[in-house]
Amino acid sequence: KEEKRLSYEQKLENCEHSVGKKILEIAIAKQSNLIASADVTTTKELLEFAEQVGPHIVALKTHIDIISDFDSDKTILPLKDLATKHNFLLMEDRKFGDIGNTQELQYRGGMYKISHWADLVTSHVIAGYQSIDCFMNSGVIAILSMSSKGALTDQNYRAEALKIVETHPNIIGCVAQNKVPANVLLFTPGVNISSKGDDKGQQYNTPEHVFKNLHTDFVIVGRGIYKAENVEKSAKLYKLESWNAYLKSL
Ligand code: BMP
């Protein structure tokens, strides 16, 4: 018999990490399991986007190093204010992938000072269990597998990575395109309602597919929202479709 998926309420009971709890509480309060990916390249676009999608999301995912005019006062301070105003978390999709010492420098220092503002960070676990110890101020979402065609994250890699996901106290969940044990929070990118993929290897599934077949907890949507003619309307649509798909999968 198929393993039943757990509800956000059940996951909240089992969750020990404060940021893991927070994202689940926001999901329940806002009836949303949507993370919008803000893959825009200026501070102005980033803040406008956050203002428009803020009411509908649990987290805003950034690639902070693609912002051409990054400035911690002008970019991060207003972004944090918007996160407070609309009750969403900030998730920096840095995909760390180095030894612990280097990751610590990248996480705490440089111009982005990610540790000062990111509630969540993504990281590969390719450098082993201890490489994740440095992420003390954020919840870590580990990359288990990737959405692009030909990704090298095969079954053996995923099984080894999952052991780290299930035992490291800094890790709150993982990014994957496959089912994971019910106690692990699953974040799934590569979600789009109207497209099957792009010409750079990205592959898309629908919200319906990922909630039904993968028991995903949170969908991550980029171009489906930020490239839409009406950004707010599209965020609302993805929020509704994904929430309904979650309810159906219970
Ligand atoms: P889009 O929906 O426009 O394809 O964007 C997907 C976003 O999710 C991008 O920011 C990308 O970096 C990220 N992502 C992904 O697409 N696949 C993965 O396996 C992991 C990701 O973080």
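Computed from a predicted model, the values in this text were never measured in an experiment. Counting starts at 1 for both ligands and their atoms, in listed order.
Remark: Asp39 does not engage Arg223 in a salt bridge, criterion side-chain N to carboxylate O under 4.0 Å. Between Glu16 and Lys21 there is no salt bridge, since no side-chain nitrogen of the basic residue lies less than 4.0 Å from a carboxylate oxygen of the acidic one. Between Glu25 and Lys22 there is no salt bridge, since no side-chain nitrogen of the basic residue lies less than 4.0 Å from a carboxylate oxygen of the acidic one. Between Lys85 and Glu51 there is a salt bridge, since at least one side-chain N of the basic residue sits less than 4.0 Å from a carboxylate O of the acidic one.
Annotation for ligand 1: atoms under 4.0 Å from non-hydrogen atoms of Gly222 are 1 (P), 2 (O), 3 (O), 5 (O). Short contacts between ligand 1 and Arg223, defined as distances under 4.0 Å to a heavy atom of the residue, involve ligand atoms 1 (P), 2 (O), 3 (O), 4 (O). Against a heavy-atom cut-off of under 4.0 Å, Met146 is close to the following atoms of ligand 1: 18 (C), 19 (O), 20 (C). In summary, the atoms of ligand 1 found under 4.0 Å from a heavy atom of Tyr204, numbered by their order in the structure, are 1 (P), 2 (O), 3 (O), 4 (O).
Within the structure, ligand 1 has Asp39 among the residues with a heavy atom less than 4.0 angstrom away. At least one heavy atom of Lys95 lies less than 4.0 angstrom from ligand 1. At least one heavy atom of Ser37 sits less than 4.0 Å from an atom of ligand 1. Using a 4.0 Å heavy-atom cutoff, Lys227 is absent from the residues neighbouring ligand 1.
Side chain to side chain, Ser145 and Asn178 meet the donor-acceptor criterion of an N or O pair below 3.5 Å.
Some N or O of Lys61 is nearer than 3.5 Å to an N or O of ligand 1, by distance alone. Geometrically, ligand 1 and Pro189 share no nitrogen or oxygen pair separated by less than 3.5 Å.
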CA sep, side-chain torsions, deciding dist, call: Leu79, Leu60, side-chain contact (heavy atoms from CB on, under 4.5 Å): CA-CA 10 Å; Leu79 191 59; Leu60 186 81; 3.8 Å; yes
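Proximity of Asp93 to ligand 1, defined as any heavy-atom pair under 4.0 Å, is confined to the side chain (atoms from C-beta onward). Proximity of His63 to ligand 1, defined as any heavy-atom pair under 4.0 Å, is confined to the side chain (atoms from C-beta onward). Heavy atoms of Ser147 found under 4.0 angstrom from ligand 1 belong to the backbone as well as the side chain. At a heavy-atom cutoff of 4.0 Å, ligand 1 is contacted by the side chain of Gln202 but not by its backbone.
In this structure, Tyr8 has its ring center closer than 6.0 angstrom to the ring center of Trp243. The six-membered or imidazole ring of His168 lies near that of Tyr129, with a centre-to-centre distance under 6.0 Å.
Screening Thr62, Asp65, Val121 against Ile114 for a side chain to side chain contact (heavy atoms under 4.5 Å, CB included) leaves a single residue, Val121.
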